[in-house]
Amino acid sequence: MYKKFKHRSNNQFVEVTFFIAFAVLFMTYLATGLKTIYLLWSLAFLIFTVMSFLRNAYLRNRLFKEFVDSIDVQDRQSILDLGSNDGFLIIQIANKLSVSSRTLIIAVEDKNQFSNKDFHTNAVNNRVKYRINLVNGDIRNLPYSDKSFDTITAANSLNSFLSSYKKSDCKKVCSEINRLLGHNGTAYIFNTSYLSKKMANEFIKQGNQVFFYDYKFQFLYGMRIFSVVKK
């Protein structure tokens, strides 16, 4: 049975934290003789919880759909997906291909990710397991030849070096994408606003072209989409 995927935010703990704060403050309000200050703070945290949930459950998923739609895949291409996690990105890309397509797809589960079982289950459910070669590796140093891929995709996900705020990790990931991408190849990247800017600067230093996708009220999303064209 076909399963629709949704982008999973790395910030789900924020909603949980806000909700716990709301619960504690509301219980304190009841236990301290209905003091208004506790009620006001509890309501504030409830509002924060709802706003954060809407951003992650609606706005970011809407942007992620735009990201998937923006990725152009052609027959006989070679595609590399980095930090695949449970396959929420690459499986949707595989679903865009025709039945007779000869496109090669390699999905790399990052060294700190442990979602192989979920990936296989989701790939089977979406009838694309035969299309995708799933491997485990360090996305900062992969065992593939230079210029091996026409298209590279990468989306921010849990326990991936794509989510690392370390300057050295960001630089290594960008260098590896630059090394593996073929001439005139394109990398499509979905990451937080801060990390997207850091990665974009690295790609520009390498002499590549970078294009950001702009959307209304994108500051609310906390995420950015950009593409890199290898020169």
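Just so you know, these numbers come straight off a predicted model, no measurement behind them.
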side-chain hydrogen bond (donor to acceptor under 3.5 Å, both in side chains) against Asn141, all qualifying residues, sequence neighbours excluded: none

Single-linkage hydrophobic cluster Val135~Phe88, side-chain heavy atoms < 4.5 angstrom: no

Linked, directly or transitively: Ile189 and Val68 (ILVMFWY side chains, under 4.5 Å): no

salt_bridge(Asp86, Lys117) N-O dist < 4.0 Å: no

Listed once per pair and sorted, the salt bridge (Lys or Arg N to Asp or Glu O under 4.0 Å) pairs that draw on residues 188-201, sequence neighbours left out: none

Any side-chain donor near an acceptor of the partner, Ser196 and Asn191, under 3.5 Å: no

Contacts of Asp69 that satisfy side-chain hydrogen bond (donor to acceptor under 3.5 Å, both in side chains) - sequence neighbours left out: Lys65

Residue pair Tyr194, Tyr165: steps toward the ring-ring contact (aromatic ring centres under 6.0 Å, His included) verdict: CA-CA 9 Å; Tyr194 175 74; Tyr165 281 82; 5.5 Å; yes

Residue Tyr38 excluded, over 12 heavy atoms near OH under 6.0 Å: no

Check: Phe226 ring centre within less than 6.0 Å of Phe190 ring centre: no

Connected via hydrophobic side-chain network under 4.5 Å: Phe45 and Ile37: yes

Transitive ILVMFWY side-chain link Val73 to Ile132, under 4.5 Å: yes

Main-chain N/O of Asp169 paired to Ser164 side chain as donor or acceptor, under 3.5 Å: no

